[in-house]
Chemist: 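My structure is below; once you've seen it, I'll send some questions.
Values reported hereafter were calculated over all heavy atoms of this structure, with side chains retained and with hydrogens, waters and symmetry mates removed.
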Amino acid sequence: MGAQGVILIVEDEDAIRLTLRDYLKKKGYEVLVASDGVGAIKHLLDNQVDLIVSDYRMNVLGGDYWIKFLHTFCADKKVFITSGFLRPDFSIPFPVLYKPFDYGKLAEMIASTLDTEKNGDS
């Protein structure tokens with residue numbers, strides 16, 4: 001496990017996925033990446049993941065069903081959703097960051113969430 005924790009980034013836009021990966025690695029996290037929900041599930045089966053940062057809208061296993069999957073099968077994980085688009089009639093049970101978002105703000109949210117979890121305050 002990384003010194004700060006293991007983060008899974010699920011994002012179909014290469015530029016965002018890769019720059020966010022590099023940014024979080026510099027912050028001391030171990031970072032796994034997937035371009036869609038199917039790739040994310042593979043990582044979740046093979047690795048201990050502390051926190052998931054996922055895009056909402058992806059071509060393969062994204063959107064409402066991806067959110068339902070995360071809510072049902074990843075209840076033990078901390079999850080942040082990023083999106084430039086959300087359906088207003090679908091409730092997202094996780095914190096949402098709207099694109100474009102500040103990587104520094106996301107890093108603060110991650111640190112705060114993982115610190116809280118490590119201290120048993122979750």
Chemist: Do Ile7 and Asp50 have side-chain heavy atoms sitting under 4.5 Å apart?
Modeler: no
Chemist: Test side chain to side chain contact (heavy atoms under 4.5 Å, CB included) on Leu24 and Ile9 and set out the steps.
Modeler: CA-CA 10 Å; Leu24 292 174; Ile9 299 170; 4.0 Å; yes
Chemist: Can you tell me if Tyr103 and Thr19 form a side-chain donor-acceptor pair at under 3.5 Å?
Modeler: yes
Chemist: Is there a side-chain contact between Pro95 and Ile81 in this structure, where contact means two heavy atoms from C-beta onward sitting under 4.5 Å apart?
Modeler: no
Chemist: Scan for salt bridge (charged side-chain N to carboxylate O under 4.0 Å, His left out) pairs involving residues 13-27, sequence neighbours excluded, and state none if there are none.
Modeler: Glu13-Lys99, Asp14-Arg17
Chemist: Using distance alone, with no hydrogens and no angle criterion, decide if Asp64 and Tyr56 have a side-chain donor and acceptor under 3.5 Å apart.
Modeler: yes
Chemist: Just by modelled atom types, is the Val49 backbone N or O under 3.5 Å from a matching donor or acceptor in the Lys77 side chain?
Modeler: yes
Chemist: Let me confirm one number: the CG-CG distance from Leu20 to Asp55, rounded to the nearest 0.5 Å.
Modeler: 11.0 Å
Chemist: Let me confirm one number: the CD1-OG distance from Ile67 to Ser91, rounded to the nearest 0.5 Å.
Modeler: 10.0 Å
Chemist: What I'd like to find out is whether the side chain of Val79 reaches to under 4.5 Å of the side chain of Val53, using heavy atoms alone.
Modeler: no
Chemist: Taking the side chain as everything from C-beta on, heavy atoms only, tell me whether Ile110 gets closer than 4.5 Å to Phe80.
Modeler: yes
Chemist: Could you grab the distance from atom OG1 of Thr82 to atom CD of Glu11, nearest 0.5 Å is fine?
Modeler: 5.0 Å
Chemist: Rounded to the nearest 0.5 Å, how far does OG of Ser83 lie from CG of Leu97?
Modeler: 10.5 Å
Chemist: Side chains of Leu106 and Asp102: closer than 4.5 Å at any heavy-atom pair?
Modeler: no
Chemist: With heavy-atom distances below 4.5 Å as the criterion, would you say the side chains of Phe94 and Leu70 are in contact?
Modeler: yes
Chemist: What's the separation between atom NE2 in His43 and atom CD in Gln48, rounded to the nearest 0.5 Å?
Modeler: 14.5 Å
Chemist: Which heavy atom of His71 sits nearest to which heavy atom of Pro93, and what is that distance?
Modeler: ND1-CG, 3.6 Å
Chemist: Give a yes or no on whether the backbone of Glu108 and the side-chain of Ser112 come within a donor-acceptor separation of less than 3.5 Å.
Modeler: no
Chemist: How are the rings of Phe69 and Trp66 set relative to one another: parallel (under 30°), tilted (30 to 60°) or perpendicular (over 60°)?
Modeler: parallel
Chemist: Taking the side chain as everything from C-beta on, heavy atoms only, tell me whether Thr113 gets closer than 4.5 Å to Leu51.
Modeler: yes
Chemist: Identify all side-chain donor-acceptor contacts of residues 32-42 below 3.5 Å with residues at least two apart in sequence or on another chain.
Modeler:
{"residue": "Asp36", "atom": "OD1", "partner": "Val38", "partner atom": "N", "Å": "3.0"}
{"residue": "Asp36", "atom": "OD1", "partner": "Gly39", "partner atom": "N", "Å": "2.8"}

Chemist: Tell me whether Tyr23 is reachable from Leu18 by hopping between hydrophobic residues (I, L, V, M, F, W, Y) whose side-chain heavy atoms are closer than 4.5 Å.
Modeler: no
Chemist: Is there a side-chain contact between Cys74 and Leu44 (heavy atoms, below 4.5 Å)?
Modeler: yes
